[in-house]
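Scroll down for the structure; my scribbles are underneath it.
A, B, ... follow the sequence lines: proteins, then strands. Residue 1 opens every chain.
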There are 2 protein chains.
Amino acid sequence: MAADALSRVFAALADPTRRDIVARLAVGDATVGELAAPYDVTVQAVSKHLRVLEDAGLVSRSREAQRRPVHLEAEVFDLMTKWIERYRRQAEERYRRLDDVLRSLPDDVPPTRPADPPQERNPS
Amino acid sequence: MAADALSRVFAALADPTRRDIVARLAVGDATVGELAAPYDVTVQAVSKHLRVLEDAGLVSRSREAQRRPVHLEAEVFDLMTKWIERYRRQAEERYRRLDDVLRSLPDDVPPTRPADPPQERNPS
DNA sequence: TCCTTCATCAACCAGTTGGTTGAGTAGGAG
DNA sequence: CTCCTACTCAACCAACTGGTTGATGAAGGA
């Protein structure tokens with residue numbers, strides 16, 4: 001998988017078990033054992049999931065005696081939200097403009113492919 | 001990878017090339033060839049990326065002579081946004097409550113782990 | 001000290017992914 | 001019909017993922 005931050009966040013949340021863990025952590029911090037309990041996988045597997053979430057910056061782990069309480073880092077969600085909103089707004093704006101154009105046209109014009117847009121190269 | 005809709009969407013966007021394609025499509029529809037041009041991978045590789053995006057419901061392909069114009073389906077973003085917002089709000093709410101508790105406490109109390117929350121099993 | 005608990009590390013395995021090349025299909029243009 | 005363009009399908013490959021088992025580390029309780 002690609003190494004950039006956004007890719008790591010999306011990849012981390014592409015697994016339902018990891019999304020479930022995030023959901024659980026939104027309610028409150030928990031230890032690895034507590035997080036593993038609901039699933040029929042080993043605690044090692046859950047530990048691996050937590051490592052993926054931690055690498056994505058979604059979660060942090062501290063130490064408290066033998067336990068490693070896991071904490072949700074909600075700020076990273078903003079990264080995603082920003083990316084999503086940018087392109088959603090662009091797309092919606094485009095539809096709005098298309099609607100305007102269609103409304104302003106005479107009744108039967110030949111069907112066209114949308115004109116090649118200005119080739120600005122967008123950052124991912 | 002898990003087969004559920006949300007997993008497919010997140011997984012599709014976990015690749016920077018695919019996010020780039022989405023960004024390009026937010027500006028306007030495009031053919032496979034047009035989408036492939038900026039990258040130094042084969043058109044087949046881009047076709048595969050488009051299949052992943054299509055399976056996730058992020059993109060649709062029609063037919064127009066030999067060309068297969070690709071169109072961004074912006075509605076699917078809502079699925080993600082809803083998921084994200086739910087847990088972001090929960091996490092923020094939790095912090096707010098924690099702040100309230102901390103403010104209401106006498107000056108030096110021993111550090112505690114947040115009490116085990118009610119074990120409601122959240123959907124992913 | 002030894003034992004138990006909580007969690008990680010290491011090695012391994014099967015399945016998936018992102019890429020390739022090569023062949024095939026669909027539809028206009030000559 | 002033949003050729004060219006635009007694209008997909010199929011097979012293959014190396015790298016990565018999500019899981020396992022077994023060993024190890026770190027800290028508290030006897």
Can you tell me how far P of D/dC7 sits from CZ of B/R51, to the nearest Å? 17 Å
Letter by letter from the 5' end, nucleotides 19-30 of chain C scores (B base, S sugar-phosphate only, - none; protein heavy atoms under 4.0 Å) BBBB----BS--
Ignoring hydrogens and angles, write down the donor-acceptor pairs under 3.5 Å from the side chains of residues 41-53 of chain A, residues two or more places apart or on other chains.
| from | atom 1 | to | atom 2 | distance (Å) |
| --- | --- | --- | --- | --- |
| A/T42 | OG1 | A/A45 | N | 3.3 |
| A/H49 | ND1 | A/R18 | NH1 | 3.1 |

Backbone N/O of A/V70 and side chain of A/R61: donor-acceptor pair under 3.5 Å: no
D/dG28 P sits how many Å from A/R68 CZ, rounded? 14 Å
Below 4.0 angstrom from OP1 or OP2 of D/dA6, is there any side-chain N or O of B/T31? no
Hey, does the side chain of A/S7 reach the backbone of B/D15 with a donor-acceptor pair shorter than 3.5 angstrom? no
Closest non-hydrogen atoms of B/L58 and B/A12, given as atom of the first, atom of the second and distance, are CD1-CB, 4.0 Å
To the nearest Å, give me how far apart CG (A/L53) and P (D/dG18) are. 10 Å
Can you name the closest pair of heavy atoms from A/E73 and A/G57 and give their distance? CB-O, 3.4 Å
Side chain B/E85, main chain B/K82, donor-acceptor under 3.5 Å: no
Distance, rounded to the nearest Å, where B/F10 contributes CZ and D/dT17 contributes P: 18 Å
Return the value, rounded to whole Å, for the distance between atom CZ of A/R61 and atom C1' of C/dC6. 13 Å
